[in-house]
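These notes are about the structure you will find just below.
So that the names make sense, note that chain A is the first sequence line, chain B the second, and so on, each numbered from 1. Only heavy atoms go into these numbers, but all of them, side chains included; no hydrogens, no water, no symmetry mates.
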Amino acid sequence: MLDTGDDLFTREDPIFANKELLEISHLPGEGRIVGRDDEISQLANAVNPAIFGQSPSNVLIYGKTGTGKSLCAKYVSKRLVETAAGEGVEAAFAYVDCAQDTTETQAVQTIAEGVNDPDETGIRVPDKGLSTSTYYKRLWRILDARFDVVLILLDEIDKLDDDDILMQLSRAGEAGKIERSKLGVIGISNKIQYKDRMDERVKSSLCEREFVFPPYDANQLRDIMEARSDAFREGVLDPSTIPRAAALAAREHGDARKAIDILRYAGEIAQSTGVPTVREEFVTQARERAETDRFRELIRGSTPHSRYVLQALALLSLSNQRQDGFRTSRVYEIYENICRQEGSDSLSLRRVRDLLKEHAFLDIIEQSKHSGGSAEGSYTKHRLLEDPEVVKEVLTENIDG
DNA sequence: AATCCACTGGAAAAAGAGGGCG
DNA sequence: CGCCCTCTTTTTCCAGTGGATT
């Protein structure tokens, strides 16, 4: 996405030797996963029966973002499939990011597509258009046709809007939906409280084993970055850069993904300014850039009206610098103006309230409740958390697209 | 204590898009 | 093609909320 590796010009990259090591999607090989040895062996232990074609334990993994949950789960699954193959057991794993596939149907579709091979099974899995039960039926057929054991990784399981899929998966065997295959579910959640919300029946079957991944400390973050430092050319990385970035990341979140992002941005800053080494002071800049990018990413893909609402709030913040928030009706007025300018019909007040709430959920704005004087009742104030200038800029730059 | 009233937020349902299947 | 399915966006309806005023 960021750069497509245009090898016409980059054959003599002065900074990066192997930039893929710093991409988020990169799955490190053996010995590159730092500080998670215990977790990995426990996880492996839980799913071990799969190697002999027996049912693996269902597992629930907790931990904040960037603590290596997905990484370890994927790594163990991959190793498991390899080992099982050595034993003559046909195993596979399917990975679902529930933040992207929030509904039951989408998640089933992703699993089915992930484990399917149309040439072998002759079963097609269309993107959409089928009923949920049809997707299930096809999934069961695919599984029985191809595999002895299947591990299903459900990442960010708390983003799922209902538990139905867990119910179906955990009971597939008993209900006789699948005969040959055994299923194992590995659920990954950011929220510890997730389990409380779960249906009792699902809870008992899904939570056979539970693991909590603690955040990385500064030393571990440093090791993680060191382990990937050969993404850079020799001598390019200033010795103080990694400790600095590690300290910064540990203090703020302990998120390894962000830490690696920062390292990559620092490298890119060096690259674009033509400096031959990655210096310590780039780390601060890199962090800022990571934040702006995060915001752009949040905005991207939102509907026009969702943007207008944000724009209205940005406009208000710019013209009234020292106010701590703007009430809904005020935002709505400005929003209506913007709609007139853009020549589109404005949405109802009710809808705009929901849009504001969505933004609050993404930490773009902050909402606070107030109670007013006579005939005022209770109301909500909205305040932009990002820099209004940045918001306005990002919002207007995308209009031509 | 009753009343005001601008605003809140849950619920349901319409509308419309996207897509498969026979 | 007609029917069925899902899913998102949006509207409509309505029962609260809560401090100041009466």
For this session: Establish, for the pair A:Arg289 and A:Tyr265, whether the NZ or CZ atom is under 6.0 angstrom from the six-membered ring centre and no further than 45 degrees off its axis.
Result: no
For this session: Answer yes when A:Arg294 and A:Glu386 have at least one side-chain N-carboxylate O distance shorter than 4.0 Å, and no when they do not.
Result: yes
For this session: Grab the CZ-C1' distance between A:Arg330 and B:dC7 for me, whole Å please.
Result: 16 Å
Exercise. Between atom CD in A:Glu104 and atom P in C:dT6, what is the gap in whole Å?
Worked result: 10 Å
Exercise. How many angstroms lie between CG in A:Asp155 and CD1 in A:Ile61, if you round to the nearest 0.5 Å?
Worked result: 9.0 Å
Exercise. Can you tell me how far P of B:dT8 sits from NE2 of A:His370, to the nearest Å?
Worked result: 11 Å
Exercise. Is there a side-chain polar atom (N or O) of A:Thr103 under 4.0 Å from OP1 or OP2 of C:dC7?
Worked result: yes
For this session: Scan residues 348-366 of chain A against DNA chain B and write down, sorted by residue number, each residue with any heavy atom closer than 4.0 Å; if none is found, say none.
Result: A:Arg350, A:Arg353, A:Lys357
Exercise. Within this structure, what is the NZ-to-C1' distance between A:Lys381 and B:dA6, rounded to whole angstrom?
Worked result: 15 Å
Exercise. Is the charged tip of A:Arg36 near the ring of A:Tyr216: under 6.0 Å from the six-membered ring centre and within 45° of its axis?
Worked result: yes
Return all side-chain donor-acceptor pairs below 3.5 angstrom for residues 206-214 of chain A, not counting sequence neighbours, or 'none' if the list is empty.
{"unit_1": "A:Glu208", "atom_1": "OE1", "unit_2": "A:Asn58", "atom_2": "N", "d": "2.7"}
{"unit_1": "A:Arg209", "atom_1": "NH1", "unit_2": "A:Asn45", "atom_2": "OD1", "d": "3.4"}
{"unit_1": "A:Arg209", "atom_1": "NH2", "unit_2": "A:Asn45", "atom_2": "OD1", "d": "3.4"}
{"unit_1": "A:Glu210", "atom_1": "OE2", "unit_2": "A:Lys195", "atom_2": "NZ", "d": "2.7"}

Exercise. Taking only side-chain nitrogens and oxygens of A:Arg327, does any of them come within less than 4.0 Å of OP1 or OP2 of B:dC7?
Worked result: yes
Exercise. Reckon A:Thr380 touches a base, only the sugar-phosphate, or nothing at all at heavy-atom distances under 4.0 Å?
Worked result: sugar-phosphate
For this session: Would you please indicate yes or no on a ring centroid separation below 6.0 angstrom for A:His370 and A:Tyr379?
Result: yes
For this session: Using only side-chain N and O atoms of A:Thr132, determine if any of them is under 4.0 Å from OP1 or OP2 of C:dC5.
Result: no
Exercise. When the distance from CD of A:Gln106 to P of C:dT6 is rounded to whole Å, what number comes out?
Worked result: 12 Å
Exercise. Are A:Arg146 and A:Glu90 close enough for a salt bridge, meaning some N to O gap below 4.0 Å?
Worked result: no
Seminar exercise, completed: note: A:His305, atom NE2; C:dT8, atom P; distance rounded to Å ~ 18 Å
Problem set entry | Protein proximity profile, nucleotides 17-22 of chain B - base contact B, sugar-phosphate-only contact S, no contact -, cut-off 4.0 Å on heavy atoms | -SBSS-
Exercise. Can we say A:Glu252 and A:Arg287 salt-bridge, meaning some charged N sits less than 4.0 Å from an Asp/Glu carboxylate O?
Worked result: yes
Problem set entry | Phosphate contact (B:dG9 OP1 or OP2) by A:Lys369 side-chain N/O below 4.0 Å | yes
For this session: Using whole Å, report how far CG of A:Asp101 lies from C1' of C:dT8.
Result: 15 Å
Exercise. When you look at A:Asp144 and A:Trp140, which way does the side chain to side chain contact (heavy atoms under 4.5 Å, CB included) test go after all the steps?
Worked result: CA-CA 6 Å; A:Asp144 264 344; A:Trp140 306 143; 5.6 Å; no
